[in-house]
Amino acid sequence: MLKTLQELEKAGQITREHIKHYESSHKHFIHILSGEQCPAALNDELMSAFEKEAGALGGKIAVKATQYPVGCGQPLVTIYPGGALYSGLSPKDAPEIVGLHSKGSGSDNRFVMGYPKGVGKIAVIEDQPYFFKDESIALRLYKKINAENILEYIAHDGYTALGKALEMSRENVINEVKESGLRGRGGGGFSTGLKWEFAYKAQSDQKYVVCNADEGDPGAFMDRSILESDPHSVIEAMAIAGYAVGANRGYVYVRAEYPVAETRLHTAINQAREFGFLGKDIFGTGFAFDIEIRLGAGAFVCGEETALINSIEGFRGMPRPRPPFPAVRGLWGMPTLINNVETFANITQIILKGAKWFASIGTENSKGTKVFALGGKIAHSGLVEIPMGTTLREVIFDICGGIPEGKKFKAVQTGGPSGGCLPEDSLDTPIDFASLAKLGSIMGSGGMIIMDEDNCMVDIAKFFLGFMVHESCGKCPPCRIGTKRMLEILEKISHGKGEMQDIDNLERLAENIQTSSLCALGQTAANPVRSTLRYFRDEYVSHVRDRICPAGVCRDLMHFHITEKCIGCGICRKNCPVDAIAGENKKLHVVDHQRCTKCGICAERCPFKAVSKK
């Protein structure tokens with residue numbers, strides 16, 4: 001079996017230089033990536049069009065087309081240098097795109113992913129904030145390589161970090177991770193190097209390394225994207241961790257709802273074994289390490305380390321009291337190192353480029369970059385990797401285009417269902433662990449939900465608390481009972497039956513649940529309620545005292561009115577299912593509130609926006 005990268009290169013089994021020469025020997029490099037769902041005819045026509053334009057320039061631009069196992073329904077075109085990523089192109093667009101890039105005049109933003117059509121042109125590719133190409137660490141190979149071909153990963157320095165680590169002492173590997181300042185990207189933010197050190201110092205003949213890929217936050221897909229696009233980076237990092245702490249067995253605990261990620265992990269693990277990067281005597285050093293996959297059944301609580309351990313062992317996913325911590329007594333009672341996908345995805349670059357390089361990015365206490373999944377009321381949703389310390393305003397407005405349809409920004413929730421909702425005056429807050437915690441939110445695993453003026457903060461708090469009630473394992477009474485009581489109060493308020501005392505009861509319950517719950521699920525479950533009470537208390541008061549939902553979301557508090565915009569066309573009257581609207585043709589109509597069932601059909605059907613529901 002081939003044991004070193006050098007032997008693989010001599011045997012002609014890797015294509016390191018073959019891939020790299022495109023970026024080094026050509027002024028520009030066009031990569032056309034098409035998936036299994038892309039129309040074959042369009043792929044061929046697009047390829048021919050770009051080759052024709054590139055050929056006319058005398059070889060100044062190289063073109064490479066690859067059919068990758070990606071899930072998109074149309075080809076993606078990436079142009080280097082700069083990494084401008086285009087979608088929705090047709091063959092007739094090729095001359096303009098190639099012409100722009102060959103002249104160095106920038107990109108055509110009508111098709112650049114992450115920008116709306118028709119916004120004009122940017123002077124240079126590097127000015128496009130959406131890509132942050134120089135800062136990509138965890139996403140460095142996202143949509144750039146075939147996830148099912150280990151040769152392409154090797155061609156981008158894959159498994160070089162493992163070889164380098166095996167030439168270092170275990171203590172030096174751990175010190176490198178410690179000095180980098182990397183903190184856990186799964187939510188807790190604990191020092192990764194310290195966690196590795198604890199597992200290394202634990203005395204045992206058997207140790208384990210576990211990758212937590214149980215990404216359960218609504219709207220979060222950071223870990224999923226890494227596993228589907230670059231699984232080898234996680235596998236390589238787990239092997240490095242295994243060497244550092246003295247473990248010979250690893251487990252990836254991945255959600256069963258991620259079938260593509262699971263399939264590509266299986267493929268990548270088998271390929272790593274075939275090439276000698278997993279198994280016995282790795283790189284001829286005598287070090288042995290292998291990985292197995294375990295599927296989670298979708299319980300949110302299994303993202304907590306000890307609940308995850310219970311699940312792998314075949315028990316119900318419920319947390320255990322700590323201490324002892326998993327690094328001392330974890331899987332089957334043995335020392336166990338647990339990091340999440342994104343944390344592992346940073347390790348290879350730290351080993352290759354050094355701790356000082358990684359520590360130079362970010363802030364004093366929050367080093368490196370962070371991947372966020374943006375969703376909700378945002379112009380350009382999706383993944384973005386930004387340096388720690390970037391402000392919320394930069395991410396929401398500069399990178400992701402702000403709020404669509406001219407709506408006003410209202411709040412951003414960071415940290416998933418356990419996070420807090422932050423108002424407009426928090427937009428200049430730097431994104432780091434301490435700053436978000438100070439405001440009553442958390443970094444979490446990287447979910448970020450944007451809300452506009454049409455969102456009701458009481459309804460938002462009720463939604464996320466309902467999720468936490470559903471996902472509570474029920475082991476400890478504060479979480480099992482307390483969150484349920486809080487949800488009942490929120491439902492009472494949203495139905496227009498609340499009392500001012502209910503607001504005080506919410507705050508009291510939130511404090512008790514936070515301080516007495518067994519695990520982080522319960523300890524952070526009330527964050528959406530506490531933060532909305534802190535920053536949007538007036539909305540709670542309006543619901544309780546005035547029996548009004550300012551955003552017009554809570555149905556029981558809606559009051560439909562027909563405004564002066566009404567021209568008397570009768571469309572609302574004809575569509576009302578309970579005949580609650582009266583009026584003559586060409587005259588202002590009125591709503592009979594005794595009959596109105598608040599179905600909202602009148603507001604939906606009115607072409608003149610003359611029906612107000614607030």
Side-chain angles (χ1 to χ4, degrees), residues 5 14-16 19-20 23 31 33 35 66-72 76 78 80 83 85 113 131-162 182 185-186 209 211-213 215 220-241 250 252-255 258-273 275 277-278 291 293 339-353 358 368-373 382-386 445-446:
L5 291 175
I14 64 174
T15 56
R16 185 189 306 266
I19 290 180
K20 282 189 173 181
E23 298 177 32
H31 189 184
L33 183 149
T66 312
Q67 170 118 17
Y68 282 2
V70 294
C72 60
L76 302 177
T78 310
Y80 298 95
L85 184 62
M113 288 187 68
F131 298 104
F132 278 93
K133 67 181 184 68
D134 293 330
E135 304 295 351
S136 292
I137 301 174
L139 296 180
R140 72 185 187 96
L141 297 180
Y142 178 58
K143 288 188 176 180
K144 290 184 179 179
I145 66 170
N146 184 347
E148 296 184 352
N149 187 344
I150 191 173
L151 299 180
E152 296 209 16
Y153 178 70
I154 294 173
H156 288 82
D157 296 323
Y159 292 101
T160 303
L162 175 59
L182 175 65
R185 299 301 195 241
V209 171
C211 175
N212 183 350
E215 185 176 51
F221 48 94
M222 300 78 62
D223 291 352
R224 174 183 179 178
S225 298
I226 293 171
L227 290 177
E228 291 183 358
S229 63
D230 188 17
H232 284 286
S233 66
V234 176
I235 293 169
E236 182 178 9
M238 290 180 68
I240 293 171
V252 180
Y253 185 86
V254 62
R255 297 178 73 84
Y258 287 178
V260 176
E262 179 202 352
T263 298
R264 292 181 183 171
L265 270 172
H266 271 297
T267 300
I269 289 170
N270 288 334
Q271 290 177 343
R273 288 173 182 154
F275 278 77
F277 301 131
L278 292 177
I291 296 174
I293 295 175
N339 288 129
N340 85 318
V341 171
E342 187 184 341
T343 307
F344 277 125
N346 285 278
I347 294 298
T348 61
Q349 296 306 294
I350 290 174
I351 297 300
L352 286 177
K353 297 183 178 181
F358 188 86
T369 62
K370 181 72 186 78
V371 180
F372 286 93
L383 292 180
V384 60
E385 183 171 5
I386 50 99
S445 60

**Message:** On a heavy-atom basis, which atom in Asn212 and which in Asp223 lie closest, and how many Å separate them?
**Reply:** O-OD2, 4.1 Å
**Item:** Pairwise side-chain contact, Val252 with Met238, heavy-atom cut-off 4.5 Å (strictly under)
**Value:** yes
**Prompt:** So do Ser225 and Tyr142 actually touch side chain to side chain, heavy atoms under 4.5 Å?
**Reply:** yes
**Request:** Return yes if some donor-acceptor pair links the side-chain N/O of Glu342 with the main-chain N/O of Lys370 below 3.5 Å, else return no.
**Result:** no
**Request:** Check for a donor-acceptor pair, side chain of His156 on one end and backbone N or O of Glu152 on the other, with a separation under 3.5 Å.
**Result:** yes
**Prompt:** What heavy-atom pair brings Ala213 and Leu227 nearest, and what distance separates the two atoms?
**Reply:** CB-CD1, 3.7 Å
**Request:** Please confirm whether the backbone N or O of Leu139 pairs with a side-chain atom of Glu385, one donor and one acceptor, at under 3.5 Å?
**Result:** yes
**Prompt:** Is there side-chain contact between Leu383 and Val371, with at least one heavy-atom pair below 4.5 Å?
**Reply:** yes
**Fill in**
Smallest heavy-atom separation, Ile235 atom then Ala272 atom, equals CG2-CB, 4.4 Å
**Message:** Does either side chain, that of Tyr258 or that of Glu215, offer a donor lying less than 3.5 Å from an acceptor on the other one?
**Reply:** yes
**Request:** Compare all side-chain heavy atoms of Ser136 with those of Thr369 and state whether any distance is below 4.5 angstrom.
**Result:** no
**Message:** Under a 3.5 Å cutoff, is there a donor and acceptor pairing between the side chains of Thr343 and Asn340?
**Reply:** yes
**Pair Asn270-Thr267, side-chain donor/acceptor within less than 3.5 Å** = no
**Message:** Using 0.5 Å steps for rounding, measure from the CD1 atom of Ile269 to the CZ atom of Phe277.
**Reply:** 14.5 Å
**Asked** Should Asp157 and Leu352 count as side-chain neighbours, where that means a heavy-atom distance under 4.5 Å?
**Response** yes
**Item:** Considering all heavy atoms, the nearest Ala373-Ala220 contact
**Value:** CB-CA, 4.2 Å
**Item:** Residues forming a side chain to side chain donor-acceptor pair (under 3.5 Å) with Gln271, sequence neighbours excluded
**Value:** His232
**Prompt:** Have Thr348 and Glu236 got a donor and an acceptor in their side chains that come within less than 3.5 Å?
**Reply:** no
**Student check: side-chain heavy atoms of Arg185 and Ser445 closer than 4.5 Å** = no
**Request:** With sequence neighbours excluded, tell me which residues meet side chain to side chain donor-acceptor pair (under 3.5 Å) with Asn346.
**Result:** none
**Fill in**
Between Val234 and Cys211, the two heavy atoms sitting closest are CG1-SG, 3.8 Å
**side chain to side chain donor-acceptor pair (under 3.5 Å) against Arg255, all qualifying residues, sequence neighbours excluded** = Asp214
**Asked** Are side-chain heavy atoms of Leu182 and Ile347 found at a separation under 4.5 Å?
**Response** yes
**Request:** Supply the atom-to-atom distance Ile240 CD1 to Leu162 CG, rounded to the nearest 0.5 angstrom.
**Result:** 5.5 Å
**Fill in**
Phe358 and Gly368 have their tightest heavy-atom pair at CZ-CA, 3.5 Å
**Prompt:** Do Tyr153 and Tyr159 have ring centroids that are under 6.0 Å from one another?
**Reply:** yes
